[in-house]
Amino acid sequence: MSAPVLALLGLRCVGKSTLGAGLAERLGARFIDLDEELARREGRPDAGSLLREVGEARFREAERAALHEILAQARADAHAPATVLATGGGVVEDLTSRALLAGCACLWLDAPIEVLQARLRAAGAESRPALGGGDPAAELPDLARRRGGWYRELAHARLDLAGLGLG
């Protein structure tokens, strides 16, 4: 039997990385941030710079490959600790990535768009570029509409993080 993987899903700035790191520590699990792992593998300072440099299609390909490797490694060792995986907000945009995530326990972290926009603006949008090239906070409503069904489909549970102050 392989070690379980808890994948955290949700839009940017909902708190996947912050909550994931704390949760992994409390559970004695390994924590992996997919965006950080992707940036490291691609030799970039962050996932946002990779997205800006290569475009969304190439970014999703690299994200899919990193996700596949991470999950394969997590499942290969039956004695490995559980893994908490903070995914990128758009990982659900890719059909193959959704299929990979379907084998995980998925938790959808959610918060109102206005809360996410405020967090994004407070954090600075430089490392989280807009997919359309404009204001990343302005595109959040469209991303929520486009991705919400996929989050709902994959998630075993939904957690509203509106008031937790996570960024």
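Each residue takes its place number in the sequence, starting with 1.
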Inset, instruction - Considering non-hydrogen atoms only, spot the tightest contact between L107 and R158 and give its length. - result: CD1-N, 4.3 Å

Legend entry - Pairing of E61 and R64 as salt bridge, 4.0 angstrom limit: no

Inset, instruction - Answer yes when E139 and R146 have at least one side-chain N-carboxylate O distance shorter than 4.0 Å, and no when they do not. - result: no

Inset, instruction - Determine the minimum heavy-atom distance between Y151 and L11, stating which atoms define it. - result: OH-N, 3.5 Å

Inset, instruction - Look up atom CG in L161 and atom SG in C13, then write down how far apart they are to the nearest 0.5 Å. - result: 12.5 Å

Inset, instruction - Give, for atom SG of C106 and atom CZ of R98, the distance between the pair rounded to the nearest 0.5 Å. - result: 12.0 Å

Inset, instruction - Using side-chain contact (heavy atoms from CB on, under 4.5 Å) as the criterion, point out the one residue from L6, L154, L71, L85 that pairs with C104. - result: L71

Legend entry - Check: K16 side chain, L109 main-chain N or O, donor-acceptor pair, under 3.5 Å: no

Inset, instruction - Report the distance from atom OG1 of T87 to atom CG of L38, rounding to the nearest 0.5 Å. - result: 12.0 Å

Legend entry - Neighbour count >12 (heavy atoms, 6.0 Å) for atom CD, E25: no

Legend entry - Inter-residue atom distance H156.NE2 - L9.CG, 0.5 Å rounding: 10.0 Å

Legend entry - SB check E53 R44 (cutoff 4.0 Å): yes

Legend entry - Basic-acidic side-chain contact under 4.0 Å: R60, E56: yes

